[in-house]
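As structure tokens, the structure follows; a few thoughts come after it.
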There are 2 protein chains.
Amino acid sequence: MIKVLVVDDEPQIARALRINLAAHGYEVTTAADGAQALRAAAAVVPDLVVLDLGLPDMDGSEVIEGLRGWSKAPILVLSGRAASAEKIAALDAGADDYVTKPFDIGELLARVRAATRRSGPGSDSPVTAIGPVTVDLAAREVRRDGEEVRLTPTEWQLLEVLLRNPGKLVSQRELLHRVWGPNYDRETNYLRQYMAQLRRKLEADPARPVHLLTEPGMGYRFRP
Amino acid sequence: MIKVLVVDDEPQIARALRINLAAHGYEVTTAADGAQALRAAAAVVPDLVVLDLGLPDMDGSEVIEGLRGWSKAPILVLSGRAASAEKIAALDAGADDYVTKPFDIGELLARVRAATRRSGPGSDSPVTAIGPVTVDLAAREVRRDGEEVRLTPTEWQLLEVLLRNPGKLVSQRELLHRVWGPNYDRETNYLRQYMAQLRRKLEADPARPVHLLTEPGMGYRFRP
DNA sequence: TTCGGCCGTCAAGAACGCGTCAAAGGTGAT
DNA sequence: ATCACCTTTGACGCGTTCTTGACGGCCGAA
């Protein structure tokens with residue numbers, strides 16, 4: 001979850017920002033003045049800062065410089081002042097964007113998206129472990145004792161449905177629908193065929209599966 | 001020297017921007033419409049793009065998406081339209097900043113500084129090694145045993161998408177979308193054609209690729 | 001015990017996808 | 001206008017994958 005620090009001394013604005021950001025999936029922390037802001041930033045290490053200039057205790061540039069001393073998180077400045085000199089000073093102090101009040105909340109969110117997009121995409125892919133086998137769904141990669149294992153497209157789809165419902169029983173009907181399409185209801189022989197292939201490739205002992213289990217008459221289950 | 005591409009169909013504005021940017025030490029290229037802009041961008045590989053919306057030949061979002069297909073350079077949008085919807089559309093299409101005309105030249109320069117500041121020092125050596133071949137995505141340069149290898153624009157785009165997802169499988173659909181545009185879904189023959197060309201130019205044994213791999217029925221993968 | 005349903009396995013032809021070659025459009029440069 | 005280069009298309013052989021059918025084993029029900 002992307003963490004945003006909102007710094008504003010006006011409670012209504014801080015509250016409005018918090019609600020809107022939270023509604024769009026951000027984790028929001030708020031601070032009401034510069035000192036709080038710097039302390040909160042050190043504590044939560046935000047991915048982005050929305051900073052209102054005109055705080056009661058510090059000058060805006062001071063806050064920006066305080067943050068920039070150790071953080072590279074984008075800083076989006078809010079301000080009632082529209083004068084170019086103010087904007088230039090804030091941007092050159094280290095801010096990434098400058099929005100004048102009153103502002104459109106949709107535009108602000110778009111600017112937040114633009115700012116997080118740049119620094120956002122860190123490459124970490126979630127891997128699932130199945131005994132001696134690791135499955136990386138994002139990279140579409142399966143390794144068995146370090147060796148690469150190749151799966152066919154149909155095998156991938158079937159495995160993905162099961163892995164996305166860990167521990168849960170998935171009915172044959174649902175598996176058929178999600179892999180072969182809504183017109184396939186009774187072709188359980190397909191499932192038998194491909195489950196056998198998956199077990200051969202993934203299970204230590206394909207005849208005695210430990211993770212890809214059959215629930216007779218119901219469906220299949222992936223046990224982590 | 002930081003290279004800036006200025007795209008504007010109004011000669012006065014383009015000229016004013018060129019002069020001001022050049023006076024502050026930037027290397028400036030200009031383009032008067034969308035098609036020229038994309039061609040110029042492919043030729044000079046700018047570090048930043050200043051883009052006027054409302055070009056005569058293309059929609060602004062198209063130009064942004066055309067650039068974003070292969071470039072991560074910051075895009076600073078200029079526009080006469082102050083409506084929030086316009087701003088949101090441009091920012092979500094991939095722009096980094098949005099300034100409404102008339103604008104203060106000092107503020108624009110500050111925003112240019114802010115945009116280049118983050119992408120400047122942060123960009124680590126983007127040289128990728130593929131066996132006997134080195135690829136420099138930023139400089140658009142490929143060397144094979146020291147010899148320079150020429151790639152066509154389409155080959156670059158395709159290679160770049162793959163290299164930016166090292167180890168990850170990229171579906172043929174995504175490749176087609178990012179290289180040819182969202183209307184291309186089923187033209188997998190394009191991929192076959194260009195992957196073959198890339199392998200001829202980059203792989204030691206094009207018939208037995210080691211780094212540019214095919215995942216039958218799914219897509220392609222770059223293995224470092 | 002016998003029977004029927006369900007599952008795992010095997011084996012085949014059909015269908016599909018990929019690499020490759022060749023050639024026709026397009027576009028900018030000379 | 002000609003030329004060179006790049007892109008777009010079409011077609012073919014081949015290997016892999018999918019589909020389909022059949023058989024035997026296991027288990028619960030009659």
Side-chain angles (χ1 to χ4, degrees), chain A residues 140 149-159 169-173 175-176 179-181 183-203 205-221, chain B residues 31-43 57 66 69-70 140 142 149-159 162 169-173 175-176 178-181 183-203 205-221:
Chain A
R140 284 276 130 95
V149 179
R150 295 204 33 183
L151 301 189
T152 71
T154 310
E155 289 165 4
W156 268 115
Q157 290 186 46
L158 185 57
L159 182 63
L169 168 71
V170 187
S171 71
Q172 327 190 11
R173 193 202 187 90
L175 286 170
L176 284 167
V179 177
W180 280 272
N183 296 329
Y184 292 74
D185 277 335
R186 252 164 272 290
E187 281 78 353
T188 59
N189 46 329
Y190 290 9
L191 292 177
R192 297 206 297 273
Q193 170 71 14
Y194 280 95
M195 284 303 298
Q197 293 187 23
L198 280 179
R199 283 173 180 150
R200 232 171 284 145
K201 294 183 176 181
L202 303 182
E203 289 276 3
D205 182 357
R208 258 172 285 288
V210 182
H211 299 101
L212 300 172
L213 307 179
T214 303
E215 301 284 346
M218 317 270 308
Y220 292 85
R221 179 196 307 273
Chain B
D33 59 42
Q36 275 185 40
L38 293 177
R39 232 177 308 124
D57 63 334
W70 56 270
R140 300 254 130 163
V142 175
V149 179
R150 290 190 30 138
L151 298 189
T152 71
T154 309
E155 288 165 4
W156 268 116
Q157 293 185 39
L158 185 56
L159 182 65
L162 288 169
L169 178 126
V170 188
S171 71
Q172 24 195 24
R173 191 203 193 93
L175 287 171
L176 285 167
R178 299 186 76 156
V179 177
W180 281 272
N183 296 330
Y184 292 75
D185 276 338
R186 249 161 274 288
E187 279 76 354
T188 59
N189 44 329
Y190 290 10
L191 291 177
R192 297 206 296 274
Q193 172 70 17
Y194 279 94
M195 284 303 299
Q197 293 185 23
L198 280 178
R199 292 207 254 244
R200 264 197 291 278
K201 294 183 178 181
L202 303 181
E203 288 277 2
D205 181 357
R208 262 181 223 54
V210 182
H211 299 101
L212 300 173
L213 306 179
T214 303
E215 301 284 345
M218 312 200 57
Y220 292 86
R221 182 197 305 274

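Protein chains get the first letters and strands the later ones, always in sequence-line order, with residue 1 at the start of each.
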The criterion is side chain to side chain donor-acceptor pair (under 3.5 Å); which residues satisfy it with Gln172(B), sequence neighbours excluded? none

How does protein contact run along nucleotides 25-30 of chain D, one letter per nucleotide 5' to 3', with B for base contact, S for sugar-phosphate only, - for none, heavy atoms under 4.0 Å? ------

Base, sugar-phosphate alone, or nothing: which one does Glu155(B) contact when heavy atoms must sit under 4.0 Å apart? nothing

When rounded to whole Å, the CD to C1' distance for the pair Gln36(B) and dT27(C) reads 15 Å

Quickly work out the Leu176(A) CG to dT19(D) P distance and round it to whole Å. 11 Å

Tell me the interatomic distance from Gln172(A), atom CD, to dC6(C), atom P, rounded to whole angstroms. 9 Å

Met218(B) CE to dT16(D) P, in whole Å, measures 18 Å

Dump the intermediate steps for side-chain contact (heavy atoms from CB on, under 4.5 Å) on Glu187(B) and Trp180(B), then the final yes or no. CA-CA 10 Å; Glu187(B) 279 76 354; Trp180(B) 281 272; over 6 Å; no

What is the separation between atom CZ on Arg186(A) and atom P on dG21(D), rounded to the nearest whole Å? 16 Å

With a 4.0 Å cutoff (strictly under), does any side-chain N or O of Trp180(A) reach OP1 or OP2 of dC18(D)? no

If you fit an axis to the five pairs at each end of the helix from dT1(C)-dA30(D) to dT30(C)-dA1(D), how big is the angle between those two axes, to 10 degrees? 30°

Treating Glu203(B) as the side-chain partner and Leu212(B) as the backbone partner, does any N or O pair qualify as donor plus acceptor under 3.5 Å? yes

Looking at Arg150(B), I'd like to know whether one of its side-chain N or O atoms comes within less than 4.0 Å of OP1 or OP2 on dC6(D). yes

Residues passing the side chain to side chain donor-acceptor pair (under 3.5 Å) test with Asp185(B), sequence neighbours excluded, are His177(B)

Kindly give the heavy-atom pair with the smallest separation between Gln36(B) and Asp33(B), and that separation in Å. N-OD1, 2.8 Å

Closest heavy-atom pair, Pro153(A) versus Pro216(B), reported as atoms and distance to 0.1 Å, is CG-O, 3.4 Å

Output the rounded distance in Å from NZ (Lys201(B)) to P (dC5(D)). 11 Å

Could you check Leu151(B) against Leu198(B) for side-chain contact (heavy atoms from CB on, under 4.5 Å), going step by step and ending with a plain yes or no? CA-CA 8 Å; Leu151(B) 298 189; Leu198(B) 280 178; 4.3 Å; yes

For residues 191-200 of chain B, which residues have at least one heavy atom under 4.0 Å from DNA chain D? Arg192(B), Gln193(B), Tyr194(B)

Residue pair Tyr220(A) / Leu191(A): nearest heavy atoms and the distance that separates them: CE1-CB, 4.1 Å

How is Tyr220(B) classified with respect to the nucleic acid when contacts are heavy atoms under 4.0 Å: base, sugar-phosphate, or nothing? sugar-phosphate

Please give me the minimum heavy-atom distance between Lys201(B) and Glu155(B), naming the atom from each residue. NZ-OE1, 2.9 Å

Do Thr214(B) and Met195(B) have side chains that approach each other closer than 4.5 Å (heavy atoms only, starting at C-beta)? no

Smallest separation among heavy atoms of Leu175(A) and Leu158(A), with atom names: CD2-CD1, 3.8 Å

Is it true that a side-chain atom of Arg221(B) and a backbone atom of Arg140(A) form a donor plus acceptor pair closer than 3.5 Å? yes

After noting the C-alpha distance and the side-chain angles of Asp205(A) and Val210(A), does the key distance pass the side-chain contact (heavy atoms from CB on, under 4.5 Å) rule? CA-CA 8 Å; Asp205(A) 182 357; Val210(A) 182; over 6 Å; no

Hey, is the side chain of Thr154(B) poking within less than 4.0 Å of OP1 or OP2 on dC6(D), counting only N and O atoms? no

What is the distance from CZ of Arg221(B) to P of dC18(C), rounded to the nearest Å? 14 Å

Near DNA chain C, under 4.0 Å by heavy atom, which residues of residues 208-216 of chain A? Thr214(A), Pro216(A)

Has Thr152(B) got a side-chain N or O lying under 4.0 Å from the OP1 or OP2 atom of dT7(D)? yes

Please determine whether side-chain contact (heavy atoms from CB on, under 4.5 Å) holds for the pair Leu159(B) and Tyr194(B), giving the CA-CA distance in whole Å, both sets of side-chain angles, and the decisive distance to 0.1 Å. CA-CA 9 Å; Leu159(B) 182 65; Tyr194(B) 279 94; over 6 Å; no

When rounded to whole Å, the CG to P distance for the pair Asn189(A) and dC18(D) reads 15 Å

